[in-house]
Amino acid sequence: MCRLNDNQKNIRLTYKTGRTGIDFFDVTLSVDVDGRIKTDLYRKDTSVNALLSAESAHSERLIHSIPVGQFLRVRMICSDGHSFELQAQELRRRFRARGYPERSIEAGYHRAKSKNRTELLHQGKDKVKNDTQTSRFITTYNPQCKDTKVSHGKMITKETVGFLELFQYADRWDIILMVIGIVCAVGNGAGAPLNTVIFGQVAESLSTNENSMNASSNNSGCASSIDFKAQVASFSYKYLVLGCIALILSVIQIWTFIVSGTRQIMRIRQKFFNAILHQDMAWFDSYQIGTLNSRLTE
């Protein structure tokens with residue numbers, strides 16, 4: 001051992017001997033007074049709390065499943081209930097230090113405690129895989145290989161999305177905003193035919209007043225002039241009201257669609273980013289540098 005530790009790479013090996021137990025990987029093997037082999041969880045004195053932080057950019061489902069897996073691991077390693085309770089108490093302290101909610105910690109503990117240790121140790125051994133029907137060849141995809149690129153492109157099929165599926169990431173408030181925007185858009189669009197109707201009334205009024213003024217120019221020209229001015233003022237008020245209504249409806253229409261679209265885009269980007277974090281390392285070899293970042297900002 002001294003010869004192995006005499007190196008320039010700062011690598012030091014240690015060993016430990018004992019008459020009642022031995023440490024092997026993360027398991028401590030010992031013999032009780034009755035001569036039976038017992039197992040317990042082993043952690044080095046230099047071990048740190050390397051549990052994943054609960055504040056990391058991972059899904060809530062993954063954060064909730066980590067305590068379950070760790071407590072099940074302790075349940076399989078510890079051969080008696082007393083050692084399991086001691087190790088579970090230490091594991092609780094480590095999870096609390098990493099910011100895990102108490103609900104997730106206790107759910108993982110109770111699930112592991114309810115399991116039978118013998119069933120956990122033999123889990124999966126009775127399953128027999130039948131791979132005689134199909135043969136699979138799995139390899140990494142290299143975009144630089146043209147032949148592979150052609151065959152890979154034939155394997156990928158683009159799924160068409162229906163019209164209603166475009167709004168699958170919209171929540172209740174987004175739908176309300178879109179409905180308000182549609183109603184305002186219909187009202188704003190109705191202003192164009194109303195403008196034509198009012199313009200037709202103006203043209204008809206001009207033609208009627210011109211004929212009446214020529215016919216009664218000698219008797220009541222002053223009264224006809226007053227009636228014409230009143231009609232002009234009435235049409236002016238109609239155009240003013242129609243313009244104000246169209247302005248208000250157009251502002252509400254644009255604002256509701258922008259806010260709803262921005263909320264849905266932000267939600268899609270978050271889900272896309274979470275999906276990228278859960279991919280294998282080989283998946284990133286299929287994309288060039290910067291491709292994923294550009295898709296997030298599209």
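This structure is a prediction, so every number in the text was calculated from the model and none was measured. Start at 1 with the first residue, then count along the sequence.
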Output yes when Asp23 and Lys44 qualify as a salt bridge under the 4.0 Å nitrogen-oxygen rule, no when they do not.
no

Heavy-atom check, side chain of Arg75 versus side chain of Arg117, under 4.5 Å
yes

Smallest heavy-atom separation, Val48 atom then Arg43 atom, equals O-NH2, 3.2 Å

Taking all non-hydrogen atoms of both residues into account, name the closest pair between Asp80 and Ser83 and its distance.
OD1-N, 2.8 Å

Once rounded to the nearest 0.5 Å, what's the spacing between atom CD1 of Ile198 and atom OG of Ser234?
9.0 Å

Any donor-acceptor pair under 3.5 Å linking the side chain of Asn188 with the backbone of Leu249?
no

For the CD atom of Glu55 and the CD1 atom of Ile63, what is their distance to the nearest 0.5 Å?
10.0 Å

When hydrophobic residues are tied together by side-chain contacts of less than 4.5 Å, even through go-betweens, does Leu242 share a cluster with Leu247?
no

Are side-chain heavy atoms of Ile175 and Phe167 found at a separation under 4.5 Å?
no

Is it the case that more than 12 heavy atoms not belonging to Arg111 sit under 6.0 Å from its CZ atom?
no

According to a 4.5 Å side-chain heavy-atom criterion applied to Ile, Leu, Val, Met, Phe, Trp and Tyr, with indirect links allowed, do Val259 and Phe257 form part of one hydrophobic cluster?
no

Please check this pair: side chain of Tyr100 against backbone of Arg94, looking for a donor-acceptor N/O pair closer than 3.5 Å.
no

Atom CD1 in Ile180, atom CD in Gln253: separation rounded to 0.5 Å?
12.5 Å

Under 4.5 Å between side-chain heavy atoms, hopping through other hydrophobics if needed: is there a path connecting Leu51 to Phe71?
yes

Check whether any side-chain heavy atom of Ile77 lies under 4.5 Å from a side-chain heavy atom of Tyr42, and answer yes or no.
no

For the residue pair Ser53 and Ser56, what are the closest heavy atoms and their distance?
O-OG, 2.8 Å

Do Ile252 and Ile176 share a hydrophobic cluster, counting only Ile, Leu, Val, Met, Phe, Trp and Tyr and linking them when any side-chain heavy atoms are less than 4.5 Å apart?
yes

Is atom CD1 of Ile37 surrounded by more than 12 heavy atoms (other residues, nucleotides or ligands) closer than 6.0 Å?
no

Is the number of heavy atoms from other residues, nucleotides or ligands within 6.0 Å of CD1 (Ile22) greater than 12?
no

pair Tyr169-Ile265: side-chain heavy atoms closer than 4.5 Å
no

Mind checking whether Arg93 and Asn49 have side chains closer than 4.5 Å, heavy atoms only?
no

Trace of the side chain to side chain donor-acceptor pair (under 3.5 Å) decision for Gln264 with Arg267
CA-CA 5 Å; Gln264 294 179 59; Arg267 199 172 294 113; 5.9 Å; no

Aromatic rings Tyr109 and Phe84: how do their planes relate, parallel, tilted or perpendicular, breaks at 30° and 60°?
parallel

Is it true that Arg92 and Glu102 have a side-chain N and a carboxylate O under 4.0 angstrom from each other?
no

Distance col, row Ile245:CD1 vs Cys184:SG, nearest 0.5 angstrom, shows 12.0 Å

Closest non-hydrogen contact found for Asp40 with Cys78 is OD1-SG, 3.5 Å

Taking atom CD1 of Ile66 and atom NE2 of His58, what is their separation to the nearest 0.5 Å?
7.5 Å

Pairwise side-chain contact, Thr39 with Leu29, heavy-atom cut-off 4.5 Å (strictly under)
yes

So do the side chains of Leu86 and Glu90 get within less than 4.5 Å of each other, counting heavy atoms only?
no

Mind checking the NE2-CD1 spacing from His110 to Ile105? Nearest 0.5 Å is all I need.
11.5 Å

Please answer whether the main-chain N or O of Thr256 pairs with a side-chain N or O of Ser260 as donor and acceptor at a distance below 3.5 Å.
no

Could you check whether any side-chain N or O of Asn274 sits under 3.5 Å from a backbone N or O of Gln270, counting only pairs where one atom can act as donor and the other as acceptor?
yes

Got a donor-acceptor contact below 3.5 angstrom from the His64 side chain to the Glu60 backbone?
no

Look at the side-chain heavy atoms of Ile, Leu, Val, Met, Phe, Trp and Tyr, link any pair under 4.5 Å apart, and say whether Leu166 and Val179 land in one connected group.
yes

Do Asp171 and Asp174 come close enough that some side-chain heavy atom pair is under 4.5 Å?
yes

